[in-house]
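Only a predicted model underlies this, so the values are computations on that prediction, with no experimental measurement involved. In what follows, chains are A, B, ... by sequence order, proteins preceding strands, each numbered from 1.
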Amino acid sequence: MPTIRLHNSKTRRKEVFEPLKRNDVRIYVCGPTVYDRAHLGNARPVVVFDTLYRLLRHVYGADHVTYVRNFTDVDDKINATALARRQAGASGTLEELIAQRTEETIGWYHADMDALGALRPTHEPRATAYIGPMVAMIQSLIDKGHAYAREGHVLFRVRSYAAYGALSGRSVDDMIAGARVEVAPFKEDPMDFVLWKPSDAETPGWESPWGRGRPGWHIECSAMSYELLGPSFDIHGGGIDLQFPHHENEIAQSCCAHPQAGFATVWMHNEMLQVEGKKMSKSLGNFFTVRDLLDQGVPGEVIRFVFLGTHYGKPMDWTAEKAAGAAGVLRRWRDLAAEYDISPAEPYAEVVAALSNDLNTSKAITFLHKQYNELRQRRNAAFHFHMSEGKLGDLSRNSEEVDRFVSSAKLLGLLEEGLSDWWLDGADTPTDGLIAWVESMLLARAEAKVSRDYAKADEIRARLANMGIMVSDGKDGQSWVVDYSNPNLGNWSKN
RNA sequence: GGCGGGUUGGCGGAGAGGUUACGCAGCGGAUUGCAAAUCCGUGAAGAUCGGUUCGAUUCCGAUACCCGCCUCCA
């Protein structure tokens, strides 16, 4: 069994990973607030921790890993959307409109993350289904003296937890000195944060010992991880921007509510995503969602490949150039794999080792590049050998190695069957009419070639290309693929 | 202002105190009527300054620049 080493944000060191229970490795990752489509930055932790999940499943067994990623479905932005819809004339109660919005967004999220080849987590709890446990945890914090109720709010008493700030390396006094936040008058201390807040008639709320209200953001993750993973578990992940205050507050809540337990042993944070060298923001005009890219024809697998090219602990830059390069590499890999009947195999030890070393995805991909080159050479040698022997296609001698190549790629979530359509001709298939027309054109071109009328042959190829039919000449004659994004494609029948 | 991350060849991006990273692009060649694809070969680096060392791109320090967090944005 390979030794997994992970960089622990809590200790700021790379440590050997030892699960608390070998037959149940437990990981929690902060999921999205479901108020809108996921933007590209949201996708990075999904891909990073999906890769970790795949590694853990490989090493400990698929049935021995529990992965929890929540949906935050109570949030003021969701409320605002629902309110706006009602004002625009939508029917239904506010609660129904909120439910509609969160349902819709969760559906989008699943579709978009599936496209990136991310496995669904073991549990995807929704915050609204865990209000009871949240209330119980808040009450427990009050009972222990770590929280206090004021004016319908419940606040966490930061000064009651000595280790507050340890994760993010800040002292409470420093934070107060640099604070730019307006301090609510009912706070005992400026750094105290909200566990529960009151709701008005326009806001969703639940009954509680402190009146009708809704939970603060941080308590959600503490309550859900406790319910699904217990008071102590192995890995807690999320974006580096969540380290403070969200994760710091989670630690304070969970460790004070369950002082005998350790909460998360390892904390992992992915660095941020940039676009063409700049932070993604609406004002810079470089803000886009995963769905935007997919709709532009950038396959999810290509997005994933670009993400995995940079170590998760480093800032990552998304560029169109990277995407184009990644698409080329993946197409070559798939071209090779397509020549064999692939069956499951043991991934390369080098790939497992690279991933085991703090998820060095870049190094794993490098190894796959090298293996690809070798496999390609062997494939060509075998191909030429068989050609010289006068028989075609028997490349089975190499298939075992190719199996390992593909299985290794799959450990990274690449070359999965469900993602394979893009590199062929998209999900669509040509209509019979189109096929017949293209075949007739190709016949005419073949005749032109035979009679050495190359000008005519080139003209036919150019006409087809203009319409999105890409023709190439090979040893076995002409072959063609359809570019469905070509706007002229529908005009073929007029020619 | 406080805390944290980064700076490697045209671009992207790793490992390792002394050995070719690797990929993409480029260039040369093969193949092809041409093109595409494919194949073979190939140049190019370590922000700046100083220190440790027989030797540093790799360790330490300083400087510069970039980025993030400190505002319920992953």
Listed pairs, N/O of protein and of nucleotides 38-46 of chain B, under 3.5 Å:
| from | atom 1 | to | atom 2 | distance (Å) |
| --- | --- | --- | --- | --- |
| B/C40 | OP1 | A/Q377 | NE2 | 2.7 |

**Asked** Between atom CD in A/Q478 and atom P in B/C34, what is the gap in whole Å?
**Response** 16 Å
**Asked** Pairs counted as Watson-Crick or G-U wobble with both distances under 3.5 Å: what dot-bracket string results for RNA chain B, using | for bases tied to another strand?
**Response** (((((((..(((.....[...))).(((((.......)))))....(((((..]....))))))))))))....
**Item:** Nearest-angstrom distance from the residue atom NZ of A/K363 to C1' of B/G12
**Value:** 18 Å
**Message:** List the residues meeting side-chain hydrogen bond (donor to acceptor under 3.5 Å, both in side chains) with A/D234, not counting sequence neighbours, and say none if there are none.
**Reply:** none
**Asked** In chain order, what residues pass the side chain to side chain contact (heavy atoms under 4.5 Å, CB included) check against A/T3, with sequence neighbours excluded?
**Response** A/R5, A/V16
**Request:** Ignoring backbone atoms, test whether A/K77 places a side-chain nitrogen or oxygen under 4.0 Å from the OP1 or OP2 oxygen of B/C73.
**Result:** yes
**Request:** Among residues two or more places apart or on two chains, list those pairs meeting salt bridge (charged side-chain N to carboxylate O under 4.0 Å, His left out) that have a residue in residues 29-47 of chain A.
**Result:** A/D36-A/R101, A/R37-A/D112
**Item:** Rounded distance in Å - NE2 (A/H269) to P (B/C3)
**Value:** 19 Å
**Position toward the 5' end of RNA chain B (nearest nucleotide), A/D458 or A/Q243** = A/Q243
**Euclidean distance, atom CZ of residue A/R461 to atom P of B/G33 [Å, nearest integer]** = 12 Å
**Message:** My understanding is that only residues two or more places apart in sequence, or in another chain, count here; which of them pass ring pair (Phe, Tyr, Trp, His ring centres under 6.0 Å) with A/F17?
**Reply:** none
**Message:** From the set B/G33, B/C73, B/A21, return the single nucleotide nearest to any side-chain atom of A/N42.
**Reply:** B/C73
**A/E350: side-chain hydrogen bond (donor to acceptor under 3.5 Å, both in side chains) partners, not counting sequence neighbours** = none
**Request:** Under the ring pair (Phe, Tyr, Trp, His ring centres under 6.0 Å) rule, collect the residues that match up with A/W108, sequence neighbours excluded.
**Result:** none
**Request:** Quick one: label A/N360 by what it contacts on the DNA or RNA (base, sugar-phosphate, nothing), any heavy atom closer than 4.0 Å.
**Result:** sugar-phosphate
**Request:** Please report, rounded to the nearest Å, how far the P atom of B/A74 is from the CG atom of A/L273.
**Result:** 13 Å
**Message:** If I take atom CD1 in residue A/I469 and atom C1' in nucleotide B/A35, what distance separates them, rounded to the nearest angstrom?
**Reply:** 17 Å
**Prompt:** Is the centre of the A/Y148 ring less than 6.0 Å from the centre of the A/F156 ring?
**Reply:** no
**Asked** OP1, OP2 of B/G13 versus side-chain N and O of A/T310: anything below 4.0 Å?
**Response** yes
**Asked** When the nearest nucleotide of RNA chain B is assigned to A/L242 and to A/T366 on a heavy-atom basis, which residue is associated with the more 5' position?
**Response** A/T366
**Asked** Reckon A/K322 has a side-chain N or O less than 4.0 Å from the OP1 or OP2 of B/G13?
**Response** yes
**Message:** Side chain of A/N270, heavy atoms from C-beta onward: which of B/C24, B/A36, B/A74 has the nearest atom to it?
**Reply:** B/A74
**Options B/A14, B/G33, B/C73, nucleotide nearest the side-chain atoms of A/S362** = B/A14
**Prompt:** Looking across every strand, which nucleic acid part, if any, lies under 4.0 Å from A/G309 by heavy atom: base, sugar-phosphate, or nothing?
**Reply:** sugar-phosphate
**Prompt:** Mind checking the C1' distance from B/A56 to B/U19? Whole angstroms is fine.
**Reply:** 15 Å
**Residues which pass side-chain hydrogen bond (donor to acceptor under 3.5 Å, both in side chains) with A/T72, listed by chain and number, not counting sequence neighbours** = A/N70, A/E220
**Prompt:** Who are the ring pair (Phe, Tyr, Trp, His ring centres under 6.0 Å) partners of A/Y67, not counting sequence neighbours?
**Reply:** A/Y53
**Message:** I need the CG-P distance between A/L442 and B/A36, as an integer number of Å.
**Reply:** 19 Å
**Test item: side-chain donor near acceptor, A/T128 and A/D73, under 3.5 Å** = yes
**Message:** Can a side-chain donor-acceptor contact be found between A/Y35 and A/D76 if the only test is distance below 3.5 angstrom?
**Reply:** no
**Request:** Please check if the distance between the ring centroids of A/F71 and A/H110 is under 6.0 Å.
**Result:** yes
**Asked** So which nucleotide from B/G23, B/A35, B/C69 ends up closest to the side chain of A/D241?
**Response** B/C69
**Request:** Confirm from the modelled atom types if A/H39 and B/A74 form a donor-acceptor pair under 3.5 Å, side chain to base only.
**Result:** yes
**Request:** Take the protein atom CG of A/D76 and the nucleotide atom C1' of B/U71, then report the distance between them rounded to whole Å.
**Result:** 14 Å
**Item:** Out of B/A36, B/G33, B/C67, whichever nucleotide has its closest atom nearest the side chain of A/A457
**Value:** B/G33
**Message:** With a 3.5 Å cut-off and heavy atoms only, can you find an N or O donor on one side and an acceptor on the other between the side chain of A/D473 and the base of B/C34?
**Reply:** yes
Could you pull out the protein-nucleic contacts involving nucleotides 6-8 of chain B (nitrogen or oxygen on both sides, under 3.5 Å)?
| from | atom 1 | to | atom 2 | distance (Å) |
| --- | --- | --- | --- | --- |
| B/U7 | OP1 | A/K314 | NZ | 3.0 |

**Fill in**
Against the side chain of A/K449, the closest entry in B/A74, B/G33, B/C70 is B/G33
**Item:** A/H369: ring pair (Phe, Tyr, Trp, His ring centres under 6.0 Å) partners, not counting sequence neighbours
**Value:** A/W333
**Request:** Determine the contact category for A/H246: base if any of its heavy atoms lies under 4.0 Å from a base atom, sugar-phosphate if only primed atoms, P, OP1 or OP2 are that close, otherwise nothing.
**Result:** nothing
